[in-house]
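All ligand and atom numbering here is 1-based and tracks the order in the structure.
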Amino acid sequence: MKIGVLALQGAVREHMQSLAACGAEAIAIKHKEELQEVDGLILPGGESTTMRRLIDKYDFMDALKEFAAQGKPMFGTCAGLILLAKHLAGYSEPHIGVMDVMVERNSFGRQVDSFEADLAIKDVADSFPAVFIRAPHIVEAGENVEVLCKHNGRIVAAREGQFLGCSFHPELTDDHRMTAYFVDMVHQAKQKQPV
Ligand code: GLN
């Protein structure tokens, strides 16, 4: 089983290390053709507007939408969640626009630019050390979206079938349980895919 990390910008190497720690083969995806080699994809944190610019520059958008249409699991962390969301507060158009959530960018305020919190995440961990960096949060979740975690009343992790998204950076600590949850999603989806 191979899992890609979109490697245009952002926290790529840390995700690769976290995947390896979970026993998955990690591939840095720099060209759209490489998406065909992987069973799941992580969209890392970074800067969503920069990533979007690079997605367009390297002609990735259709390939990413096709990857989603094939039912393959995608995990967006922080800026990656912004890329996955169908709706962005204050913007008329989404980016990839596949996960039925409304996301607000930089929504924890300037004073608390970056912080750490211990989170209880359904099916993942009772106490997970989560690092937030200029994080977005999910303002609204569609009816098929399962909320996995709230922090101070705000949704910070959710799943909709093949799509997983979180506001924080699960790859920045030694706790790999969130990554392991995604690896398990990819494993299950692969078993269902026709050979
Ligand atoms: N603030 C960034 C954005 O809006 C996301 C920050 C992050 O990924 N750590 O794209």
> For atom 5 (C) of ligand 1, which candidate among Ser167, Gly46, Gly76 provides the closest heavy atom?
Replying inline: Gly46
Quick check on contacts: which atoms of ligand 1 are under 4.0 angstrom from a heavy atom of [X]?
| X | value |
| --- | --- |
| Gly45 | 8 (O) |
| Ile82 | 3 (C), 4 (O), 10 (O) |
| Cys78 | 5 (C), 6 (C), 7 (C), 8 (O), 9 (N) |
| Ser48 | 3 (C), 4 (O), 10 (O) |
| Asn106 | 1 (N), 2 (C), 4 (O) |

Within 6.0 angstrom of [X] [atom1], more than 12 heavy atoms from elsewhere:
| X | atom1 | result |
| --- | --- | --- |
| Asp126 | CG | no |
| Lys150 | NZ | no |
| Arg177 | CZ | yes |

> So, does His169 sit close enough to ligand 1 that a heavy atom of it is under 4.0 Å from the ligand?
Replying inline: yes
>> Check for me whether Arg52 meets the cation-pi criterion with Phe60, that is, NZ or CZ under 6.0 Å from the six-membered ring centre and within 45 degrees of the ring axis.
In response: no
> Looking only at distance, does Ala79 have an N or O less than 3.5 Å from an N or O of ligand 1?
Replying inline: yes
> Do Ile55 and Val38 belong to the same hydrophobic cluster, where Ile, Leu, Val, Met, Phe, Trp and Tyr are linked whenever their side-chain heavy atoms lie under 4.5 Å apart, directly or via other members?
Replying inline: yes
> Where does Thr77 meet ligand 1, judged by heavy-atom distances below 4.0 Å: at the side chain, the backbone, both, or neither?
Replying inline: neither
> Any idea which part of Arg134 is under 4.0 Å from ligand 1, heavy-atom wise: side chain, backbone, both or neither?
Replying inline: both
> Do the ring planes of Phe75 and Phe182 sit parallel (below 30°), tilted (30 to 60°) or perpendicular (above 60°)?
Replying inline: tilted
>> Met178 vs Phe128, test: side chain to side chain contact (heavy atoms under 4.5 Å, CB included). Steps then yes/no.
In response: CA-CA 9 Å; Met178 192 79 195; Phe128 185 88; 3.8 Å; yes
> So which protein heavy atom does atom 4 (O) of ligand 1 come closest to, and at what separation?
Replying inline: Arg105 NE, 2.7 Å
> With a 3.5 Å cut-off and no angle check, do the side chains of His15 and Thr77 form a donor-acceptor pair?
Replying inline: yes
